[in-house]
Amino acid sequence: MGMQMEMSYVVAVVITGLVVVFLGLILLIAFISIIGAIFKKLNQKGTVPAKTAAPAAAKPFPKTVVEPAASTVAVASASDTDDDEIIAVISAAVAMMSAAEGKNYKVRSVRAVSSKASGGNAWASAGLRESTNPF
């Protein structure tokens with residue numbers, strides 16, 4: 001008879017534990033859902049809808065040759081096929097890099113990279129593709 005009482009006590013403790021755990025999980029899910037709904041409403045009130053722009057056609061990025069120099073950033077001998085905006089962005093990036101390192105760099109030329117620039121190395125091509133994919 002003592003064994004029966006102990007077994008019923010164990011069953012009661014197990015069932016009570018399971019009920020408490022599942023009720024706690026349900027309350028936690030409800031709390032997180034309510035907080036999420038509150039923040040969603042706050043974000044909808046405080047934001048202005050942005051205009052969505054159509055994605056531009058993908059163009060290969062030009063290759064830059066950067067060499068240390070004592071003068072400021074300058075763009076020399078850009079071909080007609082290069083886009084002026086891309087050259088300006090590349091020059092700005094080089095200027096920021098040179099300011100961060102305390103050195104002066106100059107962009108001497110900007111030209112498109114051919115698909116065979118990696119020398120046929122599959123790993124180099126994969127790394128180039130991965131690091132230049134648009135978001």
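Atoms OG1 and CG, from T132 and L128 in turn, are 4.5 Å apart once rounded to the nearest 0.5 Å. Atom NZ in K40 sits 10.0 Å away from atom OG in S33 (nearest 0.5 Å).
Note on M96: it does not cluster hydrophobically with I90, by side-chain heavy-atom contacts below 4.5 Å among ILVMFWY residues. Both F39 and F31 belong to a single network of hydrophobic side chains, linked directly or stepwise wherever heavy atoms of I, L, V, M, F, W or Y lie under 4.5 Å apart. A single hydrophobic cluster is not seen to contain both V94 and V89; linkage of ILVMFWY side chains at heavy-atom distances under 4.5 Å, directly or through other members, places them apart. The same ILVMFWY cluster, assembled from side-chain heavy atoms under 4.5 Å apart, contains both V10 and V21. L25 and L18 fall within the same hydrophobic cluster, where Ile, Leu, Val, Met, Phe, Trp and Tyr residues are linked whenever their side-chain heavy atoms come under 4.5 Å apart, directly or through other members.
Evaluation of the side-chain hydrogen bond (donor to acceptor under 3.5 Å, both in side chains) rule for E101 yields Y105 as partners, not counting sequence neighbours.
Counting side-chain heavy-atom gaps under 4.5 Å among Ile, Leu, Val, Met, Phe, Trp and Tyr, the cluster of V11 also holds I15, V19, L23.
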